[in-house]
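For reference, the structure is listed below as structure tokens.
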Amino acid sequence: MLIRTSFQALAAGMVLASAVPAYAFNLGDLQNQLGGVLQKANPGTSQQPAQQTAPSDTGGSASGSTAAVAALSSGEVGQGLKAALSRGVDTAVSTLGRTDGFYGSPKWRIPLPPALEKTTSLMRMAGMGSQADALDLAINRAAEAAVPEAKDLLVYAVKTMSIADAKGILTGGNEAATAYFKRKTEAPLTQKFLPIVRQATAKVGLAQTYDQYAGQAAQFGLVSADQANIDTYVTQQTLNRLYQAIGEEERAIRTDPVGTGSALIGKVFGALKGG
């Protein structure tokens, strides 16, 4: 009976916590109210890595870079960009797709959904802290297991890139490659990741409890649609971080193309700087 009452209190807390912006509900008040519920039942007792939006300016004068890029052959542009993006994919996948690539990294770790995160202190008061910890671990381990499955699709997107795509990405600024990868791979990667995530969260009872009550709250606009299901939430968070990691590697290459050690990458991206 205590467990059922505790889960009901948690569900109420999730709904109320998600309604905070609309009703100016104070989390301290929430804790007091739900704490009372839990005491009656048993009298004896980070989100999204910051998106780092870099300026699209690639350095050098506009006229100089335009002339230098125009002087490149289509073959050089295609090969140079594919080499750079392949490097970015390799780095991102190896960084995230390993044990503690997410869970052990303050930067990449996936937090519990906001509505659930706000109630973790209440869960610990109710003796349910271990379930929150288990779900936290499960969703990040699922992300680590899913990321390596993305490599083949990402590499295929690079290999099948057209010359028009390559030139557009080269001159399109720091977010151009990320936009290309999302357009080409987000839908199939979502389908690849979901079963992996679902297998991990199915082992944690709290995931099913969250889905039940968050789904109901979403119908009333108290929880956003992208957070109404734990598996969908984790899958999207995994993809967001994967694309961000690729984007950061792309920006690093644009900033210092010579530093990659590749003459071709240095020549192609150096052209953007008028070199």
Sequence neighbours excluded, which residues qualify as side-chain hydrogen bond (donor to acceptor under 3.5 Å, both in side chains) partners of [X]?
| X | value |
| --- | --- |
| Arg98 | none |
| Glu144 | Arg141 |
| Thr185 | Tyr243 |
| Thr160 | none |

Are any of the side-chain heavy atoms of [X] and [Y] separated by less than 4.5 Å?
| X | Y | answer |
| --- | --- | --- |
| Ile246 | Val89 | yes |
| Ile169 | Phe181 | no |
| Leu206 | Met123 | yes |
| Tyr103 | Ile139 | no |
| Thr91 | Glu250 | no |
| Val147 | Phe102 | yes |
| Arg109 | Asp136 | yes |
| Val204 | Ile230 | no |

Going only through I, L, V, M, F, W and Y residues with side-chain contacts under 4.5 Å, is there a path from [X] to [Y]?
| X | Y | answer |
| --- | --- | --- |
| Leu153 | Ile196 | no |
| Val93 | Trp108 | yes |
| Leu194 | Tyr233 | no |

### Message
Salt bridge check, Asp165 against Lys82: does any charged N sit closer than 4.0 Å to a carboxylate O?
### Response
no

Looking at [X] and [Y], what are the two nearest heavy atoms and their distance?
| X | Y | value |
| --- | --- | --- |
| Ala228 | Ala214 | O-CB, 3.8 Å |
| Ile265 | Pro257 | O-CB, 3.9 Å |
| Gly80 | Phe269 | O-CE1, 4.2 Å |
| Ala157 | Lys184 | CB-CB, 4.2 Å |
| Ile253 | Ala84 | CD1-O, 3.6 Å |
| Phe193 | Ala150 | CZ-CB, 3.8 Å |

### Stepwise side-chain contact (heavy atoms from CB on, under 4.5 Å) check, Leu242 with Leu154
CA-CA 11 Å; Leu242 175 58; Leu154 292 169; 4.1 Å; yes

Inter-residue atom distance [X].[atom1] - [Y].[atom2], 0.5 Å rounding:
| X | Y | atom1 | atom2 | value |
| --- | --- | --- | --- | --- |
| Leu170 | Ile163 | CG | CD1 | 11.0 Å |
| Thr232 | Asp226 | OG1 | CG | 9.0 Å |
| Arg87 | Thr260 | CZ | OG1 | 4.5 Å |
| Glu249 | Ser86 | CD | OG | 11.5 Å |
| Leu81 | Tyr180 | CG | OH | 9.0 Å |
| Leu239 | Thr190 | CG | OG1 | 5.0 Å |

### Task
Mind jotting down which residue pairs meet the salt bridge (charged side-chain N to carboxylate O under 4.0 Å, His left out) criterion with at least one end in residues 185-206? Sequence neighbours excluded, please.
Arg198-Asp231

#### Entry: Pairwise salt bridge (charged side-chain N to carboxylate O under 4.0 Å, His left out) hits with a residue in residues 145-164, at least two apart
Asp90-Lys151

Backbone N/O of [Y] and side chain of [X]: donor-acceptor pair under 3.5 Å:
| X | Y | answer |
| --- | --- | --- |
| Asn140 | Ile110 | yes |
| Arg241 | Leu96 | no |
| Thr119 | Leu116 | yes |

### Message
Whether the Gln212 and Gln208 side chains hold a donor-acceptor pair (N or O, under 3.5 Å, no angle test) is what I'd like checked.
### Response
no

#### Entry: Side-chain donor-acceptor contact under 3.5 Å, Asn240 with Gln244
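No, because no side-chain N or O of Asn240 sits under 3.5 Å from a partner of the opposite role on Gln244.
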
